[in-house]
Structure formats: structure tokens, C-alpha cells
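Comments concern the structure below.
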Amino acid sequence: HLSIRRQRQMCIRDRRKKLLLILVISFSVLAISLTFYFYQVFFSPNTQITTDQTYMLKIPSNAVYKQVVNQLYEDQVINDALSFGFVSKVLGYQDAVKPGLYKIDPKMSNLALVRMLRSGRQVPVKVTFNTVRTKEDLAEKITANLEVTKAQFLQLLQDSVYIRKFDFEEETIMSMFIPNTYEFWWNTSAETLFDRMYKEYQSFWTEERKAKAKALGLSQQEVSTLASIVQAESQKSDERPRIAGVYLNRLRIGMALQADPTLVFAAGDFSIKRLTGVHMAIDSPYNTYKYPGLPPGPINLPDINSLDAVLNTEKHDFLYFCAKEDFSGYHSFASNYNDHMANARRYQRALNAANIR
């Protein structure tokens, strides 16, 4: 009986060992399978699987996770929305969506993509504005690649109360914007955009430039106003310091500037090619034929070259200049009215010959 009992006990132990071995093997297989699955979910490529092109994802302000994942899936940026959602949940991204512009490279893993979006690691946007005549032009160009709209920015640009905190008036606020190429975050607000432009304005006006303006008897805003006229008069950067000198000479002796571009601005018609007595009779503070001194503010957005042309004006005794009759874009200069009229008649004959009215 003892022998039979021992045999039974041995059989039971053998069965238990086999069962334990089966459980261990099954658990190991399951663990390996789960490990492989989670590895695939977290580390396998899941973006732009069928293309080598990068994708620029714009996440608007106040966007929620559902909007983000729907856009990614509908635009076929992510191959598997379920695995992306799982990783987003594990890493807490579903409740931490950050707006901005994000560069998504081909074959990024869910882990890499979610980490980038969760951290808000967006790419900057280049903003370039130049050849600007009006506030509407500026608002359109400065917001072209940003989330903020032209209307939102223009509203601030025309808000007399808001712009006074930067020490500008409605007529002079354009002076604050120095044409250049800048980098911004795509979701930069209109207010933040203003703050940044004011800092750039302060950086431009170094102590050296301030000293040069003071030596000319001009404020910083007056330099911008004169520079806008100089810029409108000539596209030739090497000639601008000489033109600036003409206007400064006129200001010193109290002579009217009689700058044709100010009449164009006053008329509000930038297609005008030839001015007449009708234009000169326009009653506007920007009519420098009618009112002496500088106009209330810039007639365009002067670039750095034009601003520096005024600050580094050429010293001479010229009081007049007229476009050359060869239409080269350069001008003939004169220190007296008779010489100027001779230059003007040559140019007028050229205009008539070219049938420019």
C-alpha cells in the first residue's frame, strides 16, 4: 500500500510540474507577445509610411485632441490612429494639446511624434514684410504665414488707445515696423506680434542712430517719415542719401518739401504716373506742396536702407531734383531754380514723347 501511495504522489507531482511548465511557457509567450506589441505600438514607424515628404501640422489655438488625431488620420499622416491614441493616452497628451506648427517627418514612431507634440516643440515661421504702403498692406503681409488674421492685426494697428502704449499715434505707428525677415511661432497672437516688433524697433534705434537723428534735428519718427519720402522718390539705394540731403536743406530754410509721392499718398491713388494742378490742390496735411514741413507720418514703410540714407545724408547745396529723361531711375540735381527747370523740361519732353499722361 505504501508503494502505491508513493506512486500516486509522484504522479501528482509530475502533473503539477507539467502544469507549472505549461503555465510558465504560456506566460512567457504572452509576455513576449505583449512586449513585441507594445514595442510595435511605441517604436514602429507610424507616420507618412508611403511617402518621403514631411508634413506641416497646424494645431489652432484652443484645439482639442480629437481635432488633432482626426486631421492626422484624414490627411493620411498617421497609419494607425488606434495605436497613436493609445500612446497619446499613456503619455498624457490627450489632455495637453499645444497649438503651433509642427514638422512631422516620414516614418516617425508614435512615441517620437507624441513626445514632440506634447512638448510643444514647434518650428518657427519666417515673416517678411517690405514694399508696404498702407496699414492694410502691412497687416496682410505680416500675418500671411501666421494663425492671426489680417483683420485681427489691423484692428490693433488702427486702435489709437492701444498704440499709444508704444508712444505712437495713428499717423506714426507705421514707423515702429522695421522691414526685415523675422522668425515667429505660428500661433503668435496679434498682441505678442506688436510687442516683438516694438523690441525690434528699439534694437534698430541704437545709441549711434539716435545721436545721428539728434544731430539732424529730427526725432526717430521724423526720420521714418522723411525716409518714407526718400524711398518713394528713388529705388536707387546709392542715390537716396543725396535726395535726403535735398529735403533736409529745404527743411533748414523753411522751404516746402514739394514731394510728389506725398501727393500720391494724399490722393490715395498709387496708380498716378503724372501729377497735375488738381493733385497739388488737394487739401491734406500730406500735401507738401500746400503745407510746409514734414507730413504727419510716413507715407510708406521705409526700409533700413532708406532710414540709414537719412541718418547718413549727403551734405551738399542742392535744393531741387528731377527724374532723368533717360528713365534710368536716377535724378538730375540742381542748387537753383533755373537749372532745375531746365532739367524738368527735358524730363517733361521725354514723358510727352513716351505718351505718359
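Bear in mind that the values here come from a model prediction, so they are computed numbers and not experimental data. This chain uses plain numbering: 1 for the first residue, then up along the sequence.
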Residues V90, V114; criterion side chain to side chain contact (heavy atoms under 4.5 Å, CB included); working and verdict: CA-CA 10 Å; V90 171; V114 173; over 6 Å; no
Test log, rule side chain to side chain donor-acceptor pair (under 3.5 Å), inputs N110 and N46: CA-CA 6 Å; N110 285 323; N46 193 36; 2.7 Å; yes
Step-by-step side chain to side chain contact (heavy atoms under 4.5 Å, CB included) determination, K324 to N343: CA-CA 8 Å; K324 284 191 172 183; N343 294 333; over 6 Å; no
Evaluation steps, side chain to side chain donor-acceptor pair (under 3.5 Å), between S189 and T192: CA-CA 5 Å; S189 67; T192 303; 2.9 Å; yes
Check against side chain to side chain contact (heavy atoms under 4.5 Å, CB included), M174 and T134: CA-CA 8 Å; M174 293 282 278; T134 65; 5.8 Å; no
Test side chain to side chain donor-acceptor pair (under 3.5 Å) applied to N145 and K126, step by step: CA-CA 8 Å; N145 296 320; K126 288 188 182 299; over 6 Å; no
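Between the CG atom in D339 and the SG atom in C322 there is a gap of 12.5 Å [rounded to 0.5 Å]. Atom CG of residue L111 and atom CE of residue M116 lie 12.0 Å apart, to the nearest 0.5 angstrom.
Distance alone, capped at 3.5 Å, places no donor-acceptor pair between the K98 side chain and the Q122 backbone. Using a distance-only test at 3.5 Å, with no hydrogens or angles considered, no donor-acceptor pair links the side chain of T188 to the main chain of L193. The closest donor-acceptor contact from the side chain of T143 to the backbone of L146 lies at 3.5 Å or more, if one exists at all. Remark: the backbone N or O of F204 is paired with a side-chain donor or acceptor of R209 at under 3.5 angstrom. Judged purely by atom type and a 3.5 angstrom limit, Q231 uses its side chain to pair as donor or acceptor with the backbone of L301. The backbone N or O of Q258 lies less than 3.5 Å from no partner atom in the side chain of T262, so there is not a single donor-acceptor pair. Not a single donor-acceptor pair under 3.5 Å links the side chain of S306 to the backbone N or O of S228. A distance-only check finds a donor-acceptor pair linking the side chain of K141 to the backbone of T131 [under 3.5 Å]. For D303 (side chain) and N305 (main-chain N/O), a donor-acceptor pair under 3.5 Å exists by modelled atom type.
When all heavy atoms are compared, the tightest approach of Q53 to P106 is O-CG, 3.5 Å. Smallest separation of non-hydrogen atoms from A281 and K290: O-NZ, 4.5 Å. Between N62 and Q67, the shortest heavy-atom distance links the atoms O-OE1, 4.2 Å. Contact between G297 and T172 at its shortest, heavy atoms only, is CA-CG2, 4.5 Å. Closest approach of T47 to M108, counting heavy atoms only: OG1-N, 2.7 Å. Taking each heavy atom of I282 and N287 in turn, the nearest pair found is O-ND2, 2.7 Å.
Of the charged side-chain nitrogens involved, none lies within less than 4.0 Å of a carboxylate oxygen, so that R242 and E239 do not count as a salt-bridged pair. The residues D308 and R240 are annotated as not salt-bridged, no charged nitrogen and carboxylate oxygen being separated by less than 4.0 angstrom.
Hydrophobic clustering, with ILVMFWY side chains joined whenever heavy atoms are under 4.5 angstrom apart, keeps V64 apart from L91. Both Y65 and F86 belong to a common hydrophobic cluster when Ile, Leu, Val, Met, Phe, Trp and Tyr are linked at side-chain heavy-atom distances under 4.5 angstrom. The hydrophobic clustering, which links ILVMFWY residues whose side-chain heavy atoms are closer than 4.5 Å, places I243 and V264 together. Y162 is connected to I142 through a chain of hydrophobic side-chain contacts under 4.5 Å among Ile, Leu, Val, Met, Phe, Trp and Tyr, so both are in one cluster. Hydrophobic clustering places M197 together with I304 (ILVMFWY residues linked when any side-chain heavy atoms are closer than 4.5 Å, directly or through intermediates).
The only member of F168, Y182, F194 that meets ring pair (Phe, Tyr, Trp, His ring centres under 6.0 Å) when paired with Y201 is F168. Put simply, the residue from Y347, Y320, F321 that forms a ring pair (Phe, Tyr, Trp, His ring centres under 6.0 Å) with H331 is F321.
Looking at heavy atoms from C-beta onward, Q48 lies out of side-chain contact with D105 at the 4.5 angstrom threshold. D317 is not listed as a side-chain neighbour of F333, based on a closest heavy-atom distance of 4.5 Å or more. Side-chain contact check for I178 versus L307: some heavy-atom pair is nearer than 4.5 Å. Residues Q158 and E136 meet the side-chain proximity criterion, which asks for heavy atoms closer than 4.5 Å. Put simply, the side chain of D269 does not reach to within 4.5 Å of the side chain of H279, judged on heavy atoms. Side chains of Q155 and Q152 form no contact here, defined as non-hydrogen atoms less than 4.5 Å apart. Side-chain contact between W205 and V223: present, with at least one pair of heavy atoms (C-beta onward) separated by less than 4.5 Å. For the pair V77/L57, no side-chain contact is recorded, criterion being any heavy-atom separation below 4.5 Å from C-beta on.
Annotation: cation-pi geometry not satisfied between R250 and F318 (NZ/CZ under 6.0 angstrom from ring centroid, within 45° of ring axis).
A donor and an acceptor atom, one from each side chain of R349 and N352, are nowhere located under 3.5 Å apart.
The local environment of NZ in K58 is sparse, with at most 12 non-hydrogen atoms from other residues, nucleotides or ligands closer than 6.0 Å. Residue R196 qualifies as enclosed at atom CZ: its count of foreign heavy atoms under 6.0 Å is above 12.
Ring-plane geometry between F265 and Y286 is classed as tilted, the angle between the planes lying from 30 to 60 degrees on a 0 to 90 degree scale.
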